[in-house]
Amino acid sequence: MATIATKPSTWHGPCSTQSGSNTDEPPHASWDLNIGDAQSWVRAVKTCAEECPVRALCIASRQEFYPYSNPGGVIWAGVAYSESGRVLDADGLRRLAAVQRNKPFRGRPRRPASESTRVA
């Protein structure tokens, strides 16, 4: 049976704010789709894909840590991945941001039931 390699929990990419860089970048610079917003994610994808001097290292790391699957909830080597590992384009990132904005409201009625519609 083949062993699937995944990244260690302590691993951080060279562009991560947690990797020891002393920048004043906002938290979305860690390329994490659980923080930030659609605008910062689209900017991060563009920056990574067009300006990153170590992108080749990221591509190699991504292929090493996820040879048979995709990472989840991150922007890695200029590609955004959903929590389930699906590749997201700019529109997909905007949809994800809209879903995340509305999470606290899910499962709650939009307006209280009126007296006439309440069940006794």
Side-chain angles (χ1 to χ4, degrees):
M1 180 171 229
T3 304
I4 297 176
T6 59
K7 67 179 177 172
S9 60
T10 57
W11 184 86
H12 298 288
C15 51
S16 172
T17 57
Q18 298 172 356
S19 66
S21 66
N22 294 327
T23 64
D24 292 330
E25 289 289 326
H28 70 265
S30 66
W31 314 104
D32 186 348
L33 295 184
N34 293 317
I35 53 179
D37 57 19
Q39 182 180 9
S40 65
W41 299 332
V42 171
R43 184 174 53 243
V45 167
K46 183 177 179 181
T47 300
C48 185
E50 297 175 4
E51 301 172 21
C52 182
V54 293
R55 184 165 183 241
L57 286 171
C58 283
I59 292 170
S61 295
R62 189 247 175 263
Q63 291 170 342
E64 176 186 350
F65 293 126
Y66 295 93
Y68 305 109
S69 63
N70 288 333
V74 296
I75 297 170
W76 198 340
V79 179
Y81 299 95
S82 70
E83 285 295 324
S84 62
R86 190 171 40 101
V87 174
L88 300 172
D89 60 3
D91 289 334
L93 289 170
R94 290 183 187 97
R95 280 190 296 275
L96 176 63
V99 167
Q100 287 184 347
R101 269 194 318 269
N102 292 321
K103 273 186 181 178
F105 302 109
R106 287 189 172 178
R108 290 186 354 206
R110 291 183 182 217
R111 56 183 170 220
S114 68
E115 288 296 322
S116 63
T117 60
R118 288 189 187 160
V119 178

Measure the spacing between [atom1] of [X] and [atom2] of [Y] and express it to the nearest 0.5 Å.
X      : Y     : atom1 : atom2 : result
Glu51  : Lys46 : CD    : NZ    : 7.5 Å
Tyr66  : Tyr81 : OH    : OH    : 10.0 Å
Asp89  : Arg95 : CG    : CZ    : 6.5 Å
Gln100 : Asp37 : CD    : CG    : 10.0 Å
Ile75  : Cys58 : CD1   : SG    : 12.0 Å
Trp76  : Ser61 : CH2   : OG    : 6.0 Å

Exercise. Out of curiosity, does Tyr68 fall in the hydrophobic cluster containing Ile59 (side-chain heavy atoms, cut-off under 4.5 Å, transitive links)?
Worked result: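 Result: no, two separate clusters.
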Exercise. Which atom names give the shortest non-hydrogen contact between Asn70 and Val87, and what distance separates them?
Worked result: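 So the minimum-distance heavy-atom pair works out to ND2-CG2, 4.3 Å.
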Problem set entry | Residue pair Asp32 / Gly73: nearest heavy atoms and the distance that separates them |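 That would be OD1-O, 3.5 Å.
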Problem set entry | Flag side-chain contact, heavy atom, 4.5 Å: Val45 against Cys48 |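 Answer no - side chains too far apart.
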Exercise. Does Leu33 reach the side chain of Leu93, with side-chain heavy atoms less than 4.5 Å apart?
Worked result: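 Yes. Closest side-chain heavy atoms under 4.5 Å.
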Exercise. Under 3.5 Å, side chain of Trp41 to main-chain N/O of Leu96, donor-acceptor pair present?
Worked result: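 A pair under 3.5 Å: no.
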Exercise. Are the side chain of Arg94 and the backbone N or O of Ala38 linked by a donor-acceptor pair below 3.5 Å?
Worked result: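 Here the side-chain-to-backbone pair does not exist.
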